[in-house]
Each structure stands twice: as structure tokens, then as C-alpha cells.
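Take a look at the structure set out below.
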Amino acid sequence: MPWWASTETIRSVLVLCCYIAVAQMWNLLAGYAGLVSVGQHAFMGAAGYALSVLAQT
């Protein structure tokens, strides 16, 4: 990808991959494992917020 894509495209793909990883983790924890608790929700909310803030730097 570095040979044919621009820097912005690479960054967008990387952010998309990070969002997909967090969504898959949430799906495995809450969906299949049934681990639904306030702590899990707070952790995922903080991780999602931190990911979006760090991705914009």
C-alpha cells in the first residue's frame, strides 16, 4: 500500500482496522461470552474514546 496509496488513505485504512478490532473484541466479550457488566461497558467506552482521540493526532 505505501507504493500506490496516499498518506491519508493509509491513515484511514489503519483507523478503520482499529475500529474493526475494537468492534470484534466487543462482539466476542458481550455477544458470545455474555460478559455484560458496567465495568466492561466503561472499559469499551474509554477505549473507543481514547482510540478516536489518538487517531486524530
Side-chain angles (χ1 to χ4, degrees):
M1 207 167 156
W3 294 289
W4 55 269
S6 67
T7 305
E8 188 61 35
T9 303
I10 294 171
R11 184 184 184 110
S12 297
V13 169
L14 183 63
V15 169
L16 179 65
C17 289
C18 288
Y19 283 141
I20 289 171
V22 170
Q24 284 296 328
M25 184 176 69
W26 176 248
N27 187 28
L28 288 173
L29 286 175
Y32 292 111
L35 296 176
V36 179
S37 67
V38 177
Q40 295 290 332
H41 292 291
F43 174 73
M44 290 306 297
Y49 181 73
L51 180 66
S52 65
V53 168
L54 291 174
Q56 293 177 3
T57 59

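Just the heavy atoms: all of them, side chains too, but no hydrogens, waters or symmetry mates, feed the values below.
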Kindly work out whether a path of hydrophobic side-chain contacts (I/L/V/M/F/W/Y, heavy atoms less than 4.5 Å apart) joins Tyr19 to Met44.
yes
On a heavy-atom basis, which atom in Gln56 and which in Arg11 lie closest, and how many Å separate them?
C-NH2, 3.5 Å
Within one Ile-Leu-Val-Met-Phe-Trp-Tyr cluster: Leu14 and Leu51, side-chain cutoff 4.5 Å
no
Identify whether Val13 and Leu16 are in the same connected component of the hydrophobic contact network (ILVMFWY, side-chain heavy atoms under 4.5 Å).
no
ILVMFWY cluster membership beyond Trp3 - transitive side-chain contacts under 4.5 angstrom
none
For Ile10, enumerate each residue passing the side-chain contact (heavy atoms from CB on, under 4.5 Å) test, keeping only those at least two apart in sequence or located in another chain.
Met1, Ala5
